[in-house]
**Q** 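Dumping the structure here so I can ask a few things about it.
Below, read A as the first sequence line, B as the second, and so on, with proteins coming before strands; counting in each chain starts at 1.
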Amino acid sequence: MAKAAKKILNDPRRAVSQMIDGLVLASDGRTRRLDGLDAIVKTEIPDDKVALLIGGGSGHEPIFHGLVGDNLGDGAACGQFFAAPAPHIIYETAKAVHRGKGILFLYGNYAGDNMNFDIAAEMLTDEGIDVRTVRVRDDVAAAPPERMEDRRGIAGDVLMIKIAGAAAATLDSLDEVERVARKAAANVRSMGVAVSAGSIPETGKPTFELADDEIEVGMGAHGEAGIARQKLAPADEVADQLMSRILPDLPFSAGDEVALLLNNLGATTMMEMLVVNRRIRATLAERGIAVHRTDVGTWLTVQEMAGFSVTLMRLDDELKRYLDMPCRSVGFSHWGTR
Amino acid sequence: MAKAAKKILNDPRRAVSQMIDGLVLASDGRTRRLDGLDAIVKTEIPDDKVALLIGGGSGHEPIFHGLVGDNLGDGAACGQFFAAPAPHIIYETAKAVHRGKGILFLYGNYAGDNMNFDIAAEMLTDEGIDVRTVRVRDDVAAAPPERMEDRRGIAGDVLMIKIAGAAAATLDSLDEVERVARKAAANVRSMGVAVSAGSIPETGKPTFELADDEIEVGMGAHGEAGIARQKLAPADEVADQLMSRILPDLPFSAGDEVALLLNNLGATTMMEMLVVNRRIRATLAERGIAVHRTDVGTWLTVQEMAGFSVTLMRLDDELKRYLDMPCRSVGFSHWGTR
Amino acid sequence: MLATTGLDAAAAAAMLRAVAHAVIANTDRLTDADLAIGDGDHGIGMRRGFEAALVALDAPPPGIDGAFRATGMAIMANTGGAAGAVFGTVFTAGAKAFAGEAEISAASFRRFLDDAQAAVARRGGVTEGQKTMLDALAHAARAAAGAPDLAAAIRAAANGALEGVEATKGMVATTGKARSLGERSLGHPDPGAISLSIILGAMRDFVAA
Amino acid sequence: MLATTGLDAAAAAAMLRAVAHAVIANTDRLTDADLAIGDGDHGIGMRRGFEAALVALDAPPPGIDGAFRATGMAIMANTGGAAGAVFGTVFTAGAKAFAGEAEISAASFRRFLDDAQAAVARRGGVTEGQKTMLDALAHAARAAAGAPDLAAAIRAAANGALEGVEATKGMVATTGKARSLGERSLGHPDPGAISLSIILGAMRDFVAA
Ligand SMILES: Nc1ncnc2c1ncn2[C@@H]1O[C@H](COP(=O)(O)OP(=O)(O)O)[C@@H](O)[C@H]1O
Ligand SMILES: Nc1ncnc2c1ncn2[C@@H]1O[C@H](COP(=O)(O)OP(=O)(O)O)[C@@H](O)[C@H]1O
Ligand SMILES: [Mg+2]
Ligand SMILES: [Mg+2]
Ligand SMILES: [Mg+2]
Ligand SMILES: [Mg+2]
């Protein structure tokens, strides 16, 4: 067993709570913490706005809580490391962001998240609050297309929150926001590759072991098994491997316009991702698939895990419009695309 | 000697060049590469604009070349890994961005960069082009205040490029842009801490060795020695250590308004930086120093090095105005602060 | 400890405290089991939940159901993840099964197991054979079915849960984080099933003490 | 190889090729030296520069100065970092020193070393004692000063450079990336100084061959 990871934290058991304090402070007054809870909400939410609630386990910063902000999530319920938030946290966050127009729950498809968010949704529904749920299931490595329900949510979350956030800031019915989010969810596909493991501070134990010359293609955002453990390969090969799974899955085809997102799982260099981007773009160009917008960065991490994922979302004019709007939060800010 | 780092690249000797191709592609048409050179410039630079040229060694992505974009650098000259760009690259990039109003060279203060940029500046000056140079020297750990000339440029670069980029997009004389950049440079201070080493792909060798329970406070952006190698300590202690050097250096004092930037050197988790932010904010509040704006992210990396740095810049209304403008590039996009 | 006849509210609370201590004592074992086929947080999650349960059980609300509800809510609120929802559900099911009863009897204990099984199956959308704690719970419920008295019922349930844990080794996970492993999850026991066996094992030890 | 009298343009180009091969052969040694007190790129940077020089020297422009200028420009354009600027400057100084000369003589070789020293000092803003390649260069220039003929001058320069490398071990760096090390740079030779000693050593070996 490898040695415990070296991290600059105080008490690891209080790390999530202290992280949230630091996150709120970093938002320059734009968010606040719910008293006594691991939850963060926007300071100003207009009356009559459809609410967007996001959330999930911590340890993936900046997702989810770092994406609470303008044209993004209205609030996030935070769990402990890699653990879905408890129902009462979700419930309280939902109450804090609700403005009478209903709430869209948007989160990654994991058994823990599903159960906890569902419990909260049932509590809210009992009070007459309209709650809709969209689960992100973009990881094509997690299950074959016929078992879509079994797919995990990975970095597709970022584009989903971007689009749902812009839609929720613009459209005035929950029905409409849900419709847009479902369309985006139906059109997003991702796959990642892990190069080395991350660890939970409290245990310090890497969540998996990879040999010095091995990578795992398709690994999930908590170290869940992928589809192939193999020798370290050149960037072009790895890019091709990911694309060969992602492209036929939707499928993406000639004439499509897509958003392309490269997400750093933590410790990978941006140089690696850019070299991969070069190859991905060549493949897309070959297939006649146009890239409307590219995002390269660090949004859904797995602590200090090295690796990255590639996300493609097929766009229509409506999705483009929401994607192109500006957004602002600690973890994701963008001027927008003109 | 530790084993070679595991990276997903093709030929390491072509990594910088392939990275630049990937970067240009990621900019969605907003930048282009100069033929046959490791250099990237904006596709559209208005006539009569004061030009901002940035650059330095590669391996620190997204800085510098990832910060070419709207209200940021007009062009960047890229060196190989940790090596300043050669004079002809700088010269050609300068020619490509010049619009008749002169050029501000903005880069980190390293012997290699100084010499190469100076050679290029001399060539341009010989042709009658007005070139001014502002070197970023924000690293308080690099030398005492009386040897300011010896200080390295670290993550202060990010705020410098943000401000100089906005100024160069707005002001219409090189004198004025230079004045603003010098003011910003005079008011910025940083210090970092290294937790583990990065490596250059071509050698695979970590640039320094740290024991499993050690960190180095004040280490530079290429692994240059810091001021104290010490046992891993709690976040609050490390934050206090950094602040105890940064604050008295300018000095920052009660009534000041500052920009605060936390920069990830590569592999550190955002959670750690946010926990550190919490403590830094407590210290600043105690001292009566107000934070106008916070940026937490990954801008100046040292390949897969773990660690982070803290940057403070004292602001006046003019600096705030430029800092608050929106910006857009692959490595740094921001809606702006209203 | 009245084991062959029944457990009153005070004894039930004491039993639940013993359960919490047993779970907490197994933090590392549970984490390691989850590292093998999940994300390595099961032990620390269960510890968080049962530490909170201990606090709640310091001064539990009246009644057996009060103690179970307080335990379930503490787990639900503090564990997080899949475990928080399913183990919270288990104890909340207990609160319903024991509502209005002055003692835990063999019959009400068996009802608790059956109700818990049903509630978890509904909440998790799982059936037996998917390699979850439900397998341990189902084995436990079946084993306890014919038991003549409470002590025997608890003993049988605890043994059944252990068989359930064994059974999960032979299953391919089709839910939770282990799902992705497919065939590679074979040979490993399910962490949540181990937790359930620890919980029932601590109850057995309590009544045997 | 006419070593005691002079080197013509063809010989000069051949000598520069030998220099390039020597530098390239020492890539790892130079990188390791830079890992100790710098950023670990000196060897790969010098290799880049001198590989480009080799290409340029395949068909050098006419004259000794042509060969030196082609070498200097290749290094300047391809090495990058501090080394690109200073070693580019060294060979460019050579181009000036040998301009119009048909042979490298003892006198012009000494002028080359002196001019190179002055040019590097200006470009780098350094003086002796700051733990840079300038220390090796200055030692070399001084050692060559009294040499009776070219072979002796080159030999003396090469030996002087080695002394310069030794001397840098006792210096605290005050420029370049090693500067931050302060006292901790003591005991380590300067990587650029080693490069200069390799360059002059290769010249010595060339004329001795
Ligand atoms: N859908 C489900 N229904 C019932 N139990 C489940 C389900 N998914 C997971 N579990 C149980 O939860 C355990 C994992 O708990 P834990 O590791 O704490 O949560 P997480 O999977 O969120 O990290 C599994 O071992 C399994 O017994
Ligand atoms: N200001 C300077 N003047 C002259 N030589 C210098 C100066 N700074 C550094 N050098 C030389 O350059 C060498 C380092 O070269 P290299 O590692 O290739 O560049 P970098 O320092 O940019 O990584 C040092 O060992 C030293 O000899
Ligand atoms: Mg978990
Ligand atoms: Mg260098
Ligand atoms: Mg788990
Ligand atoms: Mg170097």
Side-chain angles (χ1 to χ4, degrees), chain B residues 1 12-13 16 37-38 56-59 77-89 91 110-120 122 139 141-143 147 149-152 197-209 218-227 229 302, chain D residues 27-28 30-32 34-49 51-52 72-89 92 119-120 122-126 130-134 172-185 188 192:
Chain B
M1 178 63 76
R13 294 184 70 165
V16 167
L37 288 180
D38 292 338
S58 292
C78 313
Q80 286 292 317
F81 284 95
F82 297 176
H88 76 290
I89 305 179
Y91 170 86
Y110 294 91
D113 294 280
N114 297 349
M115 290 190 269
N116 285 284
F117 276 93
D118 278 354
I119 295 171
E122 289 162 19
D139 189 350
R147 286 190 11 241
E149 294 295 312
D150 283 352
R151 285 190 174 173
R152 305 174 288 240
S199 65
I200 299 178
E202 222 176 307
T203 69
K205 295 181 187 175
T207 57
F208 55 88
E209 308 263 343
M219 187 169 271
H222 309 81
E224 298 97 329
I227 52 179
R229 183 164 289 206
V302 190
Chain D
T27 301
D28 289 346
L30 296 174
T31 290
D32 288 343
D34 197 34
L35 272 174
I37 61 168
D39 55 356
D41 64 349
H42 187 57
I44 57 176
M46 293 296 276
R47 181 175 64 193
R48 266 195 316 266
E51 280 177 355
M73 285 175 59
I75 293 168
M76 185 78 91
N78 293 283
T79 308
V86 295
F87 287 97
T89 296
T92 309
V120 166
R122 187 164 22 85
R123 177 55 64 206
V126 280
Q130 287 190 270
K131 197 179 182 107
T132 70
M133 54 78 79
L134 187 76
V172 173
T174 55
T175 184
K177 289 192 173 112
R179 186 177 63 201
S180 331
L181 278 171
E183 304 285 318
R184 283 192 273 174
S185 66
H188 296 282

**Q** Please report the closest heavy-atom contact between B/Ala83 and D/Gly80, naming both atoms and the distance.
**A**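 What the structure gives for the nearest pair is CB-C, 4.1 Å.
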
**Q** Check whether B/Ile200 gets within reach of chain D through its side chain, its backbone, both or neither, counting any heavy atom under 4.5 Å.
**A**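 For B/Ile200, the contact with chain D is made by the side chain alone.
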
**Q** Checking heavy atoms, do the side chain of B/Asp113, its backbone, both or neither come under 4.5 Å from chain D?
**A**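 Neither part.
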
**Q** Considering only heavy atoms and a distance below 4.5 Å, find which of B/Gly226, B/Gly220, B/Ala225 pairs most often with chain D.
**A**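 If we count pairs closer than 4.5 Å to chain D, B/Ala225 comes out on top.
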
**Q** Please report the interatomic distance CG(D/Asp41) to NZ(B/Lys205), rounded to the nearest 0.5 Å.
**A**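 Between D/Asp41 CG and B/Lys205 NZ, I get 12.5 Å after rounding to 0.5 Å.
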
**Q** Is chain D contacted by the side chain of B/Phe82, its backbone, both, or neither, given a heavy-atom distance below 4.5 Å?
**A**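 B/Phe82 touches chain D through backbone and side-chain heavy atoms alike.
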
**Q** Is there side-chain contact between D/Thr89 and B/Met115, with heavy atoms separated by less than 4.5 Å?
**A**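 In short, these two side chains do not touch, never coming nearer than 4.5 Å.
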
**Q** Side chain from CB out, backbone as N, CA, C, O: work out which of these in D/Thr27 comes under 4.5 Å of a heavy atom of chain B, or both, or neither.
**A**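 Neither; nothing under 4.5 Å.
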
**Q** Report yes if the side chains of B/Asp118 and D/Arg123 come closer than 4.5 Å at any heavy-atom pair, otherwise no.
**A**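 Touching, per the 4.5 Å side-chain cut-off.
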
**Q** Identify which of B/Asn114, B/Asp150, B/Val302, B/Thr207 forms the greatest number of heavy-atom pairs closer than 4.5 Å to chain D.
**A**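 Most pairs with chain D among the choices: B/Asp150.
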
**Q** Select one option (side chain, backbone, both, neither) describing which atoms of B/Thr203 are under 4.5 Å from chain D's heavy atoms.
**A**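 The answer is the side chain of B/Thr203.
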
**Q** Could you look at D/Arg47 and say if it's the side chain, the backbone, both or neither that has a heavy atom under 4.5 Å from chain B?
**A**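 It is the side chain, since no backbone atom gets that close.
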
**Q** Within the distance-only criterion (no hydrogens, no angle test), does the side chain of B/Asn116 pair as donor or acceptor with the backbone N or O of D/Gly81 below 3.5 angstrom?
**A**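 Such a contact is found between B/Asn116 side chain and D/Gly81 backbone.
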
**Q** Under 4.5 Å, counting heavy-atom pairs only, tell me which of B/Ile89, B/Ile119, B/Ile227 racks up the most with chain D.
**A**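 So the answer, after comparing B/Ile89, B/Ile119, B/Ile227, is B/Ile119.
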
**Q** Can you name the nearest heavy-atom pair linking D/Ala77 to B/Ala86, along with the distance?
**A**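 Between these two residues, the closest heavy atoms are O-CB, 3.3 Å.
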
**Q** Only pairs of heavy atoms separated by less than 4.5 Å count here; which of B/Ala141, B/Ala221, B/Ser199, B/Pro87 has the most with chain D?
**A**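 Greatest number of close heavy-atom pairs with chain D: B/Pro87.
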
**Q** Which answer fits B/Arg152, side chain, backbone, both or neither, if we ask what part of it has an atom under 4.5 Å from a heavy atom of chain D?
**A**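 Both backbone and side chain of B/Arg152 come within 4.5 Å of chain D.
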
**Q** Can you find a pair of side-chain heavy atoms, one from B/Arg13 and one from D/Ile44, that are under 4.5 Å apart?
**A**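 With C-beta onward as the side chain, the pair stays apart.
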
**Q** Of the listed residues (D/Gly125, D/Ala85, D/Gly43), which shares the most heavy-atom pairs with chain B below a 4.5 Å separation?
**A**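 Sorted descending by pairs with chain B, the first entry is D/Ala85.
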
**Q** Hey, could you give me the CD/OG1 distance between B/Glu202 and D/Thr31, rounded to the nearest 0.5 Å?
**A**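 Answer for the CD-OG1 pair, B/Glu202 versus D/Thr31, is 8.0 Å.
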
**Q** Please report the interatomic distance CZ(B/Arg147) to OG1(D/Thr174), rounded to the nearest 0.5 Å.
**A**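 That separation rounds to 8.0 Å.
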
